[in-house]
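What follows is a set of notes on a single structure, which appears directly below.
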Amino acid sequence: CRFNVWPKPDEIAAASRNGGATPRYSGFSNPDDPFGSLDLVEVERSADGKPVSVRVAGWTVDGDTRDPLGVLVLVDGKLVGNVAADKPRPDIGMALPYSGPNHGYDAIVAVDPSSQVLCVTAGGVGAGLPFVQLGCKVVK
């Protein structure tokens, strides 16, 4: 079985216009899209309070694979790190048994002292979105 997004967004919009009703979404994401969490952001600062490096940690999985996903770390829109989400996360293995337990990421990336915002994005495989943002934090 594969997840089928039905009705499609244009069909929902047409039904909404024709019926005069506002659609209510279930809130469930497409299991073919990567998903996960940015659980930790720790900023190391210089003596004058400017960011020097940032530790990011969390987890990510994709319903299309049991393999670890790639995680991109961007600061102010520029790529500063690319890590594999292959660290043990037994809690994820218990919550999502099909995926297995090794889907955590934990990395330290160097940042420019003028850095403002750090974002973490998961790369997907197969059907679904190719990238999904897991979270962003201000690091300035």
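Just so it is clear, the values below take in all heavy atoms, side chains as well, and ignore hydrogens, waters and symmetry mates. Computed from a predicted model, the values in this text were never measured in an experiment.
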May I have the list of side-chain donor-acceptor pairs in residues 50-57 shorter than 3.5 Å, sequence neighbours left out?
{"residue": "Ser53", "atom": "OG", "partner": "Glu44", "partner atom": "OE1", "Å": "3.0"}
{"residue": "Arg55", "atom": "NE", "partner": "Asp106", "partner atom": "OD1", "Å": "2.9"}
{"residue": "Arg55", "atom": "NH2", "partner": "Asp106", "partner atom": "OD2", "Å": "2.7"}

Hits for side chain to side chain contact (heavy atoms under 4.5 Å, CB included) against Val132, two or more places apart or cross-chain, chain-then-number order -> Asp33, Pro34, Leu129
Cut-off 3.5 Å, no hydrogens considered: what does the side-chain donor-acceptor table look like for residues 69-79, sequence neighbours left out?
{"residue": "Asp76", "atom": "OD1", "partner": "Gln116", "partner atom": "N", "Å": "3.1"}
{"residue": "Asp76", "atom": "OD1", "partner": "Val117", "partner atom": "N", "Å": "2.8"}
{"residue": "Asp76", "atom": "OD2", "partner": "Gln116", "partner atom": "N", "Å": "3.0"}

Listing request: all disulfide bond (SG atoms under 2.5 Å apart) pairs with a residue in residues 39-114, at least two apart in sequence or in separate chains.
none
Which disulfide bond (SG atoms under 2.5 Å apart) pairs, counting each pair once, include a residue from residues 34-93, with sequence neighbours left out?
none
May I have all residue pairs that pass disulfide bond (SG atoms under 2.5 Å apart) and include part of residues 81-140, sequence neighbours excluded?
Cys119-Cys136
Looking only at non-hydrogen atoms, find the nearest pair between Leu118 and Val120 and report the distance.
CD2-CG2, 3.9 Å
What disulfide bond (SG atoms under 2.5 Å apart) pairs are there with at least one residue in residues 38-110, not counting sequence neighbours?
none
For Asp112, give me all partners under side chain to side chain contact (heavy atoms under 4.5 Å, CB included), at least two apart in sequence or on another chain.
Ser114, Ser115
Can you name the closest pair of heavy atoms from Tyr105 and Trp59 and give their distance?
CE2-N, 3.2 Å
Name all pairs fulfilling the salt bridge (charged side-chain N to carboxylate O under 4.0 Å, His left out) condition that reach into residues 114-123, sequence neighbours left out, sorted by first residue then second.
none
Apply side-chain contact (heavy atoms from CB on, under 4.5 Å) to Met94 and Ile92, showing your working.
CA-CA 5 Å; Met94 288 176 59; Ile92 301 306; over 6 Å; no
Hydrophobic cluster membership, Val61 vs Val125, 4.5 Å side-chain cutoff
no
Which atom names give the shortest non-hydrogen contact between Gly58 and Asp39, and what distance separates them?
CA-OD2, 3.6 Å
Tell me, please, which residues at least two apart from Asp91 pass salt bridge (Lys or Arg N to Asp or Glu O under 4.0 Å).
Arg89
All heavy atoms of Leu134 vs all of Gly36, minimum pair found to be CD2-N, 3.6 Å
Please report the closest heavy-atom contact between Gly124 and Asp62, naming both atoms and the distance.
CA-OD2, 3.3 Å
Can you run down the salt bridge (charged side-chain N to carboxylate O under 4.0 Å, His left out) pairs that involve residues 131-140, sequence neighbours left out, and say none if there aren't any?
none
Sequence neighbours excluded and cut-off under 3.5 Å, please list the side-chain donor-acceptor pairs for residues 96-103, or say none.
{"residue": "His103", "atom": "NE2", "partner": "Arg66", "partner atom": "O", "Å": "3.3"}
{"residue": "His103", "atom": "NE2", "partner": "Ser99", "partner atom": "O", "Å": "2.7"}

So if you build clusters from Ile, Leu, Val, Met, Phe, Trp, Tyr with side-chain heavy-atom gaps below 4.5 Å, do Leu38 and Val109 land together?
yes
Nearest heavy-atom neighbours spanning Thr60 and Phe35
OG1-O, 2.9 Å
